[in-house]
Amino acid sequence: MARNIDLAVIPGDGIGQEVVAQGLKVLSAVLPQDVKLETRQYDLGARRWHETGETLPDAELERLKEHDAILLGAIGDPSVPSGVLERGLLLKLRFAFDHYVNLRPSKLFPNTATPLEGRPDIDFVVVREGTEGPYVGNGGSLRTGTPAEVATEVSLNTAYGVERVVRDAYERAKARPRRKLTLVHKNNVLVHAGHLWKNLFDQVGREYPEVTTDYLHVDAATIFFVTDPARFDVIVTDNLFGDILTDLAAAVTGGIGLAASGNINPTGDFPSMFEPVHGSAPDIAGTGKADPTATILSVALLLRHLGHEPEATRVEDAVSADLAERPAARTTDETGDAIAVRVAG
Ligand SMILES: NC(=O)C1=CN([C@@H]2O[C@H](COP(=O)(O)OP(=O)(O)OC[C@H]3O[C@@H](n4cnc5c(N)ncnc54)[C@H](O)[C@@H]3O)[C@@H](O)[C@H]2O)C=CC1
Ligand SMILES: CC(C)CC(=O)C(=O)O
Ligand SMILES: [Mg+2]
């Protein structure tokens, strides 16, 4: 495997620009001298759309394919109609690069805010399906804008798509000490998609007798995320449920500013993409209040994905140490600097 890293960087919108700068700072600081980091910035997002009407031109998509991985900040801005950039840029990337595993780890770090009593030992990972479900854009509206309007948003679930993500989740569960996998869906109501998921979950599970399994309806899962999150080890779920659950997971494990993610293409046919779970946070953009930790932890996931395990661990340890001593009032830049100093030293 090539030791050098050829990275595409899409800072995007709002705080995306601010947090990605900190992620890159830490990445440069953690890499040993014999690993060369090459980055290419892609100007994609609201500014580009206003100037040219483009979201993600095909030529850029082609060029992005050539990189080892992508680091993304966040996409979306109030000045652009809702969905234009989210669908036309972010989801287009996830679908085009077949990021079918959306990996979202949750850990309760020391000294972080949590509404949970007794600071339980939370360490779970959500494997969110990334290319199907209600996010495929299969829908439309009739009699738009009239009192008789009807709108549909169809959830697409294929045996191919479900089986591969379920199998990935079993593999991850098998490799962890607790070896437990929970399927979250809503198969008491969404019977067509729900039964497809449950049947494949059970079928694939027969190949993993060492993994303990569990099923929860998504509404009940939200209860346990708050009352008993330590019960979870690996969770596998669909695109929409996973999106919602992982914001909740972030809120109970230190805040949205700490939640990292990887959009993984496990086959290696396309570059995987790493980004914080949060969005562009227009309410705090430009204030220096954005916490860059989620992006820095996403850099750790990126390093691990590219085979730089010691460096990934160094970043995670540095974040943990920084959080344990982090002063209350810190700017985005100061947090990036503090973690960069720790990984370098
Ligand atoms: N992956 C992506 O690029 C995502 C993009 N979005 C887009 O971002 C825009 C804003 O979406 P929202 O629903 O407001 O979600 P959001 O995640 O941007 O913000 C929700 C709340 O969390 C806070 N927050 C988010 N990140 C933070 C950080 N690093 N440090 C401190 N506080 C932070 C914000 O200030 C806000 O109060 C929309 O256009 C949305 O579509 C939303 C989620 C993911
Ligand atoms: C903005 C959406 C496309 C996605 C989202 O909220 C997420 O992936 O967490
Ligand atoms: Mg989300």
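The figures that follow rest on heavy atoms only: side chains count, while hydrogens, waters and symmetry mates do not. Atoms within each ligand, like the ligands themselves, are counted from 1 in listed order. Residue numbers run from 1 in the order of the sequence given.
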>> I want to verify a count. Protein N, O or S atoms less than 2.8 Å away from the Mg ion (ligand 3), how many are there?
In response: 1
> Should we count CD of Glu117 as having more than 12 external heavy atoms under 6.0 Å?
Replying inline: no
> Does NZ belonging to Lys25 count more than 12 external heavy atoms closer than 6.0 Å?
Replying inline: yes
>> Does the residue Ala294 have a heavy-atom contact with ligand 1, meaning some pair of atoms that are separated by less than 4.0 Å?
In response: no
> Mind checking what residues have non-hydrogen atoms under 4.0 angstrom from ligand 2?
Replying inline: Glu86, Leu90, Leu91, Arg94, Arg104, Arg128, Asp243, Val277
>> What protein heavy atom lies closest to atom 27 (C) of ligand 1? Include the residue and the distance to one decimal.
In response: Ile15 CD1, 3.8 Å
>> Counting the benzene-type ring for Trp, do Phe95 and Tyr100 have ring centres under 6.0 Å apart?
In response: no
> Can you tell if the side chain of Glu163 reaches within under 4.5 Å of the side chain of Val204, non-hydrogen atoms only?
Replying inline: yes
> Should one rank Glu18, Gln22, Glu275 by closest heavy-atom distance to atom 1 (N) of ligand 1, which comes out on top?
Replying inline: Glu275
>> Tell me whether atom 11 (O) of ligand 1 lies less than 4.0 Å from at least one protein heavy-atom position.
In response: no
> ligand 1 versus Leu85, non-hydrogen atoms closer than 4.0 Å: side chain, backbone, both, neither?
Replying inline: neither
>> Side chains of Asn138 and Glu153 only: does a donor on one sit below 3.5 Å from an acceptor on the other?
In response: no
> Numbering the atoms of ligand 1 from 1, which are under 4.0 Å from a heavy atom of Gly257?
Replying inline: 28 (C), 29 (N)
> At the 4.0 Å heavy-atom cut-off, does Val277 count as touching ligand 1?
Replying inline: yes
Quick one: side chains of residues 27-38, donor-acceptor pairs under 3.5 Å with protein atoms, not counting sequence neighbours, listed by atom name and distance.
unit_1, atom_1, unit_2, atom_2, d
Ser28, OG, Leu24, O, 3.0
Lys36, NZ, Glu38, OE2, 3.3

>> Only heavy atoms of Leu90, strictly under 4.0 Å: list the atoms of ligand 1 that pass.
In response: 1 (N), 2 (C), 3 (O)
>> Among all protein heavy atoms in this structure, tell me which lies nearest to atom 4 (C) of ligand 1, with the distance rounded to 0.1 Å.
In response: Gly279 CA, 3.5 Å
>> Tell me if a side-chain donor or acceptor on Thr55 pairs with a main-chain N or O of Gly88 at a distance below 3.5 Å.
In response: yes
>> Under a 4.0 Å threshold between the charged nitrogen and the carboxylate oxygen, would Arg128 count as salt-bridged to Asp238?
In response: no
>> Taking ring-ring contact (aromatic ring centres under 6.0 Å, His included) as the definition, give me every residue that meets it alongside Tyr170, ordered by chain and number, with sequence neighbours left out.
In response: Phe201, Tyr208
> Any side-chain heavy atom of Arg40 sitting closer than 4.5 Å to one from Arg63?
Replying inline: yes
> Hey, is atom 30 (N) of ligand 1 touched by any protein heavy atom at less than 4.0 Å?
Replying inline: yes
> Between Arg314 and Glu309, is the closest basic N to carboxylate O distance under 4.0 Å?
Replying inline: no
> Identify the closest protein heavy atom to atom 32 (N) of ligand 1: which residue and atom is it, and at what distance?
Replying inline: Ile284 CD1, 3.6 Å
> Which heavy atom of the protein is the closest neighbour of atom 24 (N) of ligand 1, given with residue, atom name and distance?
Replying inline: Ile256 CG2, 3.5 Å
>> Could you check whether any side-chain heavy atom of Arg179 comes within less than 4.5 Å of a side-chain heavy atom of Thr212, counting everything from C-beta outward?
In response: no
> Would you call Glu149-Arg143 a salt bridge at under 4.0 Å N-O?
Replying inline: no
> Which of the atoms in ligand 1, numbered in the order shown and given with their element, are less than 4.0 Å from a heavy-atom of Ala74?
Replying inline: 3 (O)
>> When you compare the side chain of Pro271 with that of Phe97, does any pair of heavy atoms fall below 4.5 Å?
In response: yes
>> Under a 4.0 Å threshold between the charged nitrogen and the carboxylate oxygen, would Asp202 count as salt-bridged to Lys198?
In response: yes
> Any side-chain heavy atom of Ile10 within less than 4.5 Å of one from Gln41?
Replying inline: no
> Against heavy atoms of Asp283, which atoms of ligand 1 measure under 4.0 Å?
Replying inline: 34 (C), 35 (O), 36 (C), 37 (O)
>> I'd like to know if Glu51 pairs up with Arg47 as an ion pair, taking the criterion as any Lys NZ or Arg NE/NH1/NH2 lying under 4.0 Å from an Asp or Glu carboxylate oxygen.
In response: yes
> Protein heavy atoms: any of them under 4.0 Å from atom 20 (C) of ligand 1?
Replying inline: no
> What is the closest protein heavy atom to atom 18 (O) of ligand 1, and at what distance does it sit?
Replying inline: Ala281 N, 2.8 Å
> Starting from atom 9 (C) of ligand 1, which protein heavy atom do you reach first, and at what distance in Å?
Replying inline: Ser280 OG, 3.2 Å
>> For atom 3 (O) of ligand 1, what is the closest protein heavy atom, and at what distance to 0.1 Å?
In response: Ile75 N, 2.8 Å
>> Only heavy atoms of Gly76, strictly under 4.0 Å: list the atoms of ligand 1 that pass.
In response: 39 (O)
> For Lys92, does the NZ atom sit with more than 12 other heavy atoms under 6.0 Å from it, leaving out its own atoms?
Replying inline: yes
>> So Glu129 and Trp197, do their side chains get closer than 4.5 Å, heavy atoms only?
In response: yes
> How are the rings of His67 and Tyr42 set to each other: parallel, tilted or perpendicular (split at 30° and 60°)?
Replying inline: perpendicular
> Using a heavy-atom cut-off of under 4.0 Å, does the side chain or the backbone of Glu86 touch ligand 1, or both, or neither?
Replying inline: side chain
> Got a protein heavy atom sitting under 4.0 Å from atom 14 (O) of ligand 1?
Replying inline: no
> Charged N to carboxylate O below 4.0 Å: is that the case for Arg176 and Asp123?
Replying inline: yes
>> At less than 4.0 angstrom from any non-hydrogen atom of Asp291, what atoms of ligand 1 do you find?
In response: 28 (C), 29 (N), 30 (N), 31 (C)
>> So if I count the atoms of ligand 1 from 1 in the order they appear, which ones are less than 4.0 Å from some heavy atom of Ala290?
In response: 30 (N)
> What part of Pro282, side chain from CB on, backbone N/CA/C/O, both or neither, has a heavy atom under 4.0 Å from ligand 1?
Replying inline: side chain
